[in-house]
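One structure is given here, and the rest of the page talks about it.
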2 protein chains.
Amino acid sequence: MAQKNKLQFIILGLLNQQPLTGYDLTKAFDNEIGEFWQAQHSQIYPQLKRLEEQGYVTHEITLSGEKLEKKLYHITTSGSELLHGWISVGTPDLTATKDEFILKLYFIQTNHDPRLTAMLNEQFQLHSDKLAHLQERLITVFPKQTGAKQHYGHYLILQHAIGRETYYVNWLKTTLQELPAN
Amino acid sequence: MAQKNKLQFIILGLLNQQPLTGYDLTKAFDNEIGEFWQAQHSQIYPQLKRLEEQGYVTHEITLSGEKLEKKLYHITTSGSELLHGWISVGTPDLTATKDEFILKLYFIQTNHDPRLTAMLNEQFQLHSDKLAHLQERLITVFPKQTGAKQHYGHYLILQHAIGRETYYVNWLKTTLQELPAN
DNA sequence: GTATTCATGTAAGACGTTACATGATTCA
DNA sequence: TGAATCATGTAACGTCTTACATGAATAC
């Protein structure tokens with residue numbers, strides 16, 4: 001047992017909302033939870049197979065057009081129990097951030113390093129774009145102010161991510177301003 | 001080539017400051033950069049071997065006591081070039097956060113979910129502890145206000161991490177306060 | 001008709017964690 | 001003298017990414 005196989009819980013969590021195909025699940029990692037977890041289809045299809053063998057999901061075949069078979073996966077009672085067990089237990093392990101830019105920064109010796117400005121500017125652009133994207137998502141997914149009654153968790157994490165990126169962008173801006181002129 | 005092997009650059013970056021043994025490097029992942037990256041000795045020793053085969057580091061044997069041989073690793077010119085090449089190229093890929101708690105939150109449907117308070121409180125404790133630890137580190141590593149002349153990058157990332165955790169703790173507190181009474 | 005998207009799978013290899021294994025040195 | 005720490009390594013296994021592979025349906 002190397003890690004914890006969180007992917008299986010994400011899949012179960014998504015299937016708990018509605019039946020989906022492997023392709024749908026792959027897409028979900030571009031939109032919904034792409035900000036928080038990443039996975040490719042080459043990981044998802046085998047995982048679905050394993051979940052079915054273990055009785056946590058089942059699938060039915062639907063036709064798209066005349067020949068193309070889609071496997072629409074449903075969560076089972078046992079799968080739902082596994083999911084809620086995972087949510088209910090504690091989450092005491094904070095994983096390290098693994099931010100490559102931060103790692104590079106660590107090895108910069110002085111505030112006169114000629115590479116600093118370009119590095120900070122690049123990250124400023126990237127995180128500003130990400131922030132804008134998240135703000136757009138929040139408006140798209142929760143158009144009304146009152147709209148967070150359902151999908152409260154989704155609302156929370158979007159709002160959390162926006163706050164986090166806002167902090168990151170502001171920190172980059174401040175750090176850039178405090179660099180010595182040259 | 002699956003990922004980018006960032007571990008090799010971290011090792012080179014640490015050896016660029018001073019010669020270290022595999023054991024020292026392992027320790028560094030508990031203190032220095034443990035907040036930003038994690039690695040076990042079972043990853044470090046083979047990586048050192050590979051770096052040596054490729055000519056990026058060399059080692060000399062020193063004795064600790066009468067029998068115990070330590071391998072003290074030094075970075076080579078070629079290794080230093082590899083390190084600075086890595087630092088100098090752009091870092092355009094923002095990796096997903098992979099925060100398991102955030103993932104669990106996503107699957108919470110309503111703000112009346114009975115598990116929410118305990119979940120948020122646990123994270124509040126964990127992130128408060130982490131914040132306190134980081135603040136202590138900052139004082140330990142940079143005792144004087146002016147002390148960030150050398151190791152500027154180290155100062156920056158500590159300060160960045162403190163800001164990030166401060167935001168996280170405040171967000172948890174606010175979110176807890178906004179939960180409906182029960 | 002042709003490019004894009006839908007749809008599902010496997011294979012190879014790199015990365016990362018846990019466990020296995022051994023022995024010396026230091027501190028109480 | 002016994003426990004904790006120093007010190008180095010390998011093995012097994014799980015996760016994750018990239019690439020290989022195929023074919024149907026849809027939009028332009």
Side-chain angles (χ1 to χ4, degrees), chain A residues 1-11 19-31 33-34 36-54 57 59-73 92-98 100 103, chain B residues 1-11 19-31 33-34 36-54 57 59-73 92-98 100 103:
Chain A
M1 178 217 335
Q3 241 128 299
K4 273 187 74 174
N5 194 357
K6 286 155 200 158
L7 178 61
Q8 67 181 323
F9 298 117
I10 304 172
I11 291 175
L20 295 167
T21 67
Y23 189 83
D24 295 331
L25 285 163
T26 303
K27 287 275 140 178
F29 284 89
D30 299 337
N31 307 316
I33 46 176
F36 312 103
W37 211 269
Q38 284 165 354
Q40 276 69 42
H41 75 276
S42 58
Q43 234 187 317
I44 291 165
Y45 288 114
Q47 183 67 65
L48 280 168
K49 208 173 171 181
R50 252 172 283 137
L51 285 170
E52 184 155 40
E53 281 163 13
Q54 296 168 311
V57 304
H59 80 266
E60 61 173 315
I61 301 219
T62 61
L63 278 179
S64 172
E66 284 185 24
K67 287 185 183 175
L68 188 58
E69 295 190 340
K70 296 201 294 185
K71 293 186 178 174
L72 195 62
Y73 283 89
D93 299 318
L94 306 182
T95 35
T97 323
K98 302 229 164 183
E100 190 177 359
L103 211 49
Chain B
M1 174 218 335
Q3 244 128 297
K4 275 186 72 174
N5 194 356
K6 286 156 200 158
L7 178 61
Q8 66 181 324
F9 298 117
I10 304 172
I11 291 176
L20 295 168
T21 66
Y23 189 84
D24 296 331
L25 285 163
T26 304
K27 288 275 140 178
F29 283 90
D30 298 337
N31 307 315
I33 46 176
F36 313 103
W37 212 268
Q38 284 165 352
Q40 276 68 42
H41 75 274
S42 58
Q43 237 187 315
I44 291 166
Y45 288 113
Q47 183 65 66
L48 280 168
K49 208 172 171 183
R50 251 173 283 137
L51 285 170
E52 184 154 41
E53 281 163 11
Q54 296 166 313
V57 305
H59 79 267
E60 60 173 316
I61 300 217
T62 62
L63 278 180
S64 172
E66 284 185 26
K67 286 185 183 178
L68 189 58
E69 295 189 341
K70 297 201 294 184
K71 293 185 178 175
L72 195 61
Y73 284 89
D93 299 318
L94 306 181
T95 34
T97 323
K98 303 230 165 183
E100 190 177 359
L103 210 51

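Values in this document were obtained by computation on a predicted structure and should not be read as measured data.
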Starting at CG of A:Leu25 and ending at P of C:dC6, how long is that distance when rounded to a whole Å? 14 Å
Just verifying a value: how many Å separate A:Lys70 NZ and A:Ile61 CD1, rounded to the nearest 0.5 Å? 12.0 Å
Is B:Lys70 close enough to C:dT25 that one of its side-chain N or O atoms is under 4.0 Å from OP1 or OP2 there? no
Nearest 0.5 Å, what's the CD-CG distance between A:Glu100 and B:Leu94? 10.5 Å
In whole angstroms, the gap separating P of D:dT8 from CG of B:Leu20 amounts to 11 Å
Given axes from five pairs at either end, by how many degrees does the helix from C:dG1-D:dC28 to C:dA28-D:dT1 bend, rounded to 10°? 40°
Ordered by number, residues from residues 36-44 of chain A within less than 4.0 Å of DNA chain D (heavy atoms) are A:Gln40, A:Ser42, A:Gln43
B:Gln8 side-chain N/O to B:Asn5 backbone N/O, donor-acceptor pair under 3.5 Å: yes
Rounding to a whole Å, what distance do you find between B:Leu68:CG and D:dG9:C1'? 13 Å
Enter the distance from B:Ile44:CD1 to B:Leu51:CG here, rounded to the nearest 0.5 Å. 11.5 Å
Quick one: does any side-chain atom of B:Thr95 pair with a main-chain N or O of A:Lys98 as donor and acceptor, under 3.5 Å? yes
At what distance, to the nearest 0.5 angstrom, does CZ of A:Arg50 lie from CD of A:Gln47? 4.5 Å
So, for A:Gly34 and B:Ala96, which heavy atoms are closest and what is the spacing to 0.1 Å? O-CB, 4.1 Å
Check nucleotides 1-5 of chain D for protein N or O atoms closer than 3.5 Å to its own N or O atoms and list the pairs.
none

Using distance only, find each side-chain donor-acceptor pair of residues 19-30 of chain A under 3.5 Å and give its atom names and separation, not counting sequence neighbours.
unit_1, atom_1, unit_2, atom_2, d
A:Thr21, OG1, A:Tyr23, N, 3.3
A:Thr21, OG1, A:Asp24, N, 3.0
A:Thr21, OG1, A:Asp24, OD2, 3.1
A:Asp24, OD2, A:Thr21, N, 3.0
A:Thr26, OG1, A:Gly22, O, 2.9

Grab the two heavy atoms, one from B:Lys4 and one from B:Phe9, that are nearest each other, plus how far apart they are. O-CE1, 4.0 Å
Spacing of A:Arg50 atom CZ relative to C:dT8 atom P, expressed in whole Å: 17 Å
When rounded to whole Å, the CD to P distance for the pair B:Glu66 and C:dT25 reads 7 Å
It should be established whether B:Lys49 places a side-chain nitrogen or oxygen under 4.0 Å from OP1 or OP2 of nucleotide D:dT10. yes
Would you mind reading off the distance between B:Leu63 atom CG and D:dC6 atom C1', rounded to a whole angstrom? 14 Å
Both B:Lys98 and B:Leu72 contact DNA chain D. Taking the nearest nucleotide for each, which residue is further toward the 5' end? B:Leu72
Please check if atom CD in A:Glu60 has more than 12 non-hydrogen atoms from other residues, nucleotides or ligands closer than 6.0 Å. yes
In whole angstroms, how far is the P atom of D:dA24 from the NZ atom of A:Lys67? 5 Å
N/O (side chain, A:Tyr45) to phosphate O (OP1/OP2, C:dG9) under 4.0 Å: no
Under the rule for ring pair (Phe, Tyr, Trp, His ring centres under 6.0 Å), what residues qualify as partners of B:Phe36, not counting sequence neighbours? none
Measure the spacing between CD of A:Gln38 and CG of A:Leu7 and express it to the nearest 0.5 Å. 12.5 Å
Taking NZ from B:Lys6 and C1' from C:dA14, how many angstroms apart are they, rounded to a whole number? 12 Å
To the nearest 0.5 angstrom, please state how far the CD1 atom of B:Ile33 sits from the CG atom of A:Leu103. 6.5 Å
Find every protein N or O atom lying less than 3.5 Å from an N or O atom of nucleotides 26-28 of chain D, and list the pairs.
none

